[in-house]
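Just so you know, these numbers use all the heavy atoms, side chains as well, and skip hydrogens, waters and symmetry mates. Everything numeric here is computed off the predicted structure, so don't read it as measured data.
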Amino acid sequence: MTDLPLENGLTQRILYLAPPRPRATLIMLPGGSGEVGVQRDGDLRHDDNFVVRTREDWVARGYAVLIPDTIAQANLRGARSSPVYGKLVEELVAYAHNHVQAPVFLIGTSQGTIAAMNGAARARPDSISGVVLTESVSVPGRLSTETVFDADPSAVQVPALVVANRDDACDVAPPEMAPRIVAAMTRSPDARVLTVRGGFERSAKACGSLSPHGYYGIESEVVGAIASWLREHGD
């Protein structure tokens, strides 16, 4: 656990896990409100989210994982496409590069895909090696009307992978929108869709983390497929 000082005088609490020699650093941007509840001892109050739940699997595969919490338990819904949040992602990228000399990738899931898209759109040249969007929020919802299309996808200039589960029933993340998300990233040198199937429903809602929307029950398959793409793009 680290409290990272930000340029605006606030601190950003992060959880950082790493093997001895990381092949790359993955900045994991969770969905929902964004609150993970990182405690001083490194424990998490909320760890159901796909990018949080799979953290040990990523480390076992040789990746460093950086998971940001929200500042002062703020709700990030509706704020992830803002310049302020884009700047925060930029500072997380800088921290990753200062911590270990390895490529950096942004990986967002559900609402976190908006943050990942924003970070990729605003990334300084050569600061990140790619962006991965899993079960992207592409349709305005009841709690927030913000989508990945609000985060300037046409400014993304790095390789991009959009993962879509055909069995995802979440109304704000329809899998059939994945090709439109790819098409919106007009300046990406390599933007593509990865389609998966399956998962079990344990959450009460279709957009819950323990459901096909969160790859519940097929985590290893999805992590493996994303890892193959990361290796292809310079990890």
Determine, stepwise, if the pair W58 / I226 fulfils side chain to side chain contact (heavy atoms under 4.5 Å, CB included). CA-CA 10 Å; W58 285 109; I226 295 172; 3.7 Å; yes
Would you say [X] and [Y] make side-chain contact, with heavy atoms under 4.5 Å?
X    : Y    : answer
V59  : R55  : no
P189 : P159 : yes
V162 : S136 : yes
D57  : E219 : no
I67  : P30  : yes
V104 : S129 : no
T25  : H99  : no
V222 : T134 : no

Residue E176 excluded, over 12 heavy atoms near CD under 6.0 Å: yes
Which pair of non-hydrogen atoms, one from [X] and one from [Y], has the smallest distance, and what is that distance?
X    : Y    : result
R187 : S154 : CD-O, 2.9 Å
V158 : A120 : CG2-CB, 4.4 Å
V89  : A115 : CG2-O, 4.1 Å
G199 : I218 : N-CG2, 3.7 Å
G208 : S211 : O-OG, 2.6 Å

Donor-acceptor pair between [X] and [Y] side chains, under 3.5 angstrom:
X    : Y    : result
E135 : Y215 : yes
H213 : S110 : yes
R202 : Y216 : yes

Short side-chain to backbone donor-acceptor contact, [X] and [Y], under 3.5 Å:
X    : Y    : answer
T113 : T109 : no
E146 : R80  : yes
T145 : G141 : no
D168 : N165 : no
N98  : A94  : yes

Should [X] and [Y] count as an ion pair when the cut-off is N to O under 4.0 Å?
X    : Y    : result
D167 : R197 : yes
R192 : D190 : yes
E90  : R122 : no

Just how far is it from atom CG of L230 to atom OH of Y63, taken to the nearest 0.5 Å? 4.5 Å
CA sep, side-chain torsions, deciding dist, call: M28, L66, side chain to side chain contact (heavy atoms under 4.5 Å, CB included): CA-CA 6 Å; M28 299 298 206; L66 189 163; over 6 Å; no
Let's go through V163 and L133 carefully: what are the C-alpha distance in whole Å and the side-chain angles of both, what is the deciding distance for side chain to side chain contact (heavy atoms under 4.5 Å, CB included) to 0.1 Å, and is it a yes or a no? CA-CA 6 Å; V163 187; L133 310 175; over 6 Å; no
Hydrophobic cluster membership, L210 vs F200, 4.5 Å side-chain cutoff: yes
Tell me whether V100 shares a hydrophobic cluster with I14, the cluster being built from Ile, Leu, Val, Met, Phe, Trp, Tyr side chains joined at under 4.5 Å. yes
Could you check Y85 against L88 for side chain to side chain contact (heavy atoms under 4.5 Å, CB included), going step by step and ending with a plain yes or no? CA-CA 5 Å; Y85 201 80; L88 173 59; 3.4 Å; yes
